[in-house]
Trainee: 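Please read through the structure below; I'll follow up with questions.
First the proteins, then the strands, lettered A, B, ... as listed; each starts at 1.
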Amino acid sequence: LDRPDECCGFGGTFCVVEEAVSAKMGKDRVADHIQNGAEYITAADLSCLMHMEGILRRLKSRVKVIHIAEILNGVKETVA
Amino acid sequence: MKDHAALAEAFNKDEQRVNWHDETLWWVRQKRDKASHQIPDWEELREAASQIKHNVLSDLGNYLEQFEKQAISNGITVHWAADAKEHNNIVHSILKRHGITQMVKSKSMLTEECHLNHFLEEQGINVVDSDLGELIVQLAKEPPSHIVLPCIHKKKEEIGDIFHEHLGSEKGESDPQILTETARVHLRNTFLTRRAALTGVNFAVAETGEFVVCTNEGNADMGAHLSDVHIASMGIEKLIPNANT
């Protein structure tokens with residue numbers, strides 16, 4: 001990633017009270033993954049993943065979102 | 001006035017511009033990372049600075065009185081302000097006492113929070129901000145958009161328009177070198193003609209009654225050194241115990 005420590009912008013109530021900033025941050029976070037050829041996005045935090053998954057869906061992207069526990073559990077295919 | 005969320009929504013309508021703004025700030029972030037990574041004990045230094053701050057806050061009253069005593073013996077006049085209003089009134093009274101109606105000022109977030117410029121202008125005092133970014137937003141009649149990068153939201157073409165209107169540069173000029181030179185000439189004249197300069201304080205030393213003002217443009221030095229009266233506005237927490245801490 002070009003910006004490994006950037007925030008996805010979800011932030012609990014932040015995504016409600018600062019919708020425009022939150023959405024743009026998520027969009028940029030997802031774009032960084034896509035530009036760098038990621039096939040999966042993983043994290044320990046569910047709300048970050050939900051936020052990015054929502055953006056990926058709107059983009060009709062093939063990039064998949066998978067929780068780190070699913071990787072550790074050896075799940076073969078993530079639920080889309 | 002619109003709140004942050006509403007303003008952000010309007011700002012985000014122009015996505016190209018948001019991306020440009022984002023890249024600009026990221027470029028600064030990369031420079032910051034590059035600089036900090038060159039210092040091997042960066043985190044230890046941050047921690048040390050944090051502990052010095054905690055120490056000062058734990059005994060603030062005594063450190064402040066020690067600073068005041070030493071500063072007075074250095075020939076500095078010390079004023080105490082309980083709030084923004086009192087701070088602004090003190091600054092105004094000093095200028096009034098010296099019959100000064102024009103002042104040059106370097107970057108100070110404290111005076112920004114006190115809305116000092118606005119207050120002084122209402123009292124008929126002309127204030128010129130000498131930090132380049134602050135000068136640009138002052139000419140544009142805008143507040144700074146960032147505490148250390150007050151003008152990071154403006155493109156060079158927009159700065160060219162502002163300088164054309166206020167400082168007489170060529171219409172359509174957007175070369176950073178030429179625009180900086182325009183500001184430099186304007187400020188040089190300001191420095192030479194102002195009898196009062198206001199600066200912030202980056203930190204003050206309780207043991208010696210000294211204070212330190214840092215700029216990367218030399219504008220605080222130029223203002224303070226060429227003026228009869230130097231007013232330094234300092235937040236009460238801007239202290240370190242001594243120069244060896």
Trainee: Answer yes or no: does atom CD of B:E170 have more than 12 heavy-atom neighbours from other residues, nucleotides or ligands under 6.0 Å?
Mentor: no
Trainee: Just wondering, more than 12 heavy atoms not from B:H146 lying within 6.0 Å of its NE2?
Mentor: yes
Trainee: If you count every heavy atom of other residues, nucleotides or ligands that lies below 6.0 Å from B:K85 atom NZ, does the total exceed 12?
Mentor: no
Trainee: Hey, is CD on B:E44 packed in by over 12 heavy atoms from elsewhere, all under 6.0 Å?
Mentor: yes
Trainee: What is the minimum heavy-atom distance between B:A5 and A:V17, and which atoms define it?
Mentor: CB-O, 3.1 Å
Trainee: For chain A against chain B, give me the donor-acceptor pairs closer than 3.5 Å, one per line with atom names and distance.
Mentor:
residue : atom : partner : partner atom : Å
B:H4    : ND1  : A:E18   : OE1          : 3.0
B:H4    : ND1  : A:E18   : OE2          : 2.7
B:E15   : OE1  : A:K27   : NZ           : 2.9
B:E15   : OE2  : A:K24   : NZ           : 2.7
B:E15   : OE2  : A:K27   : NZ           : 2.8
B:N19   : OD1  : A:K24   : NZ           : 2.6
B:D22   : OD1  : A:R3    : NH1          : 3.0
B:D22   : OD2  : A:R3    : NH1          : 3.0
B:D22   : OD2  : A:R3    : NH2          : 3.0
B:R29   : NH1  : A:D5    : OD1          : 3.3
B:R29   : NH2  : A:D5    : OD1          : 3.3
B:R29   : NH2  : A:D5    : OD2          : 2.6

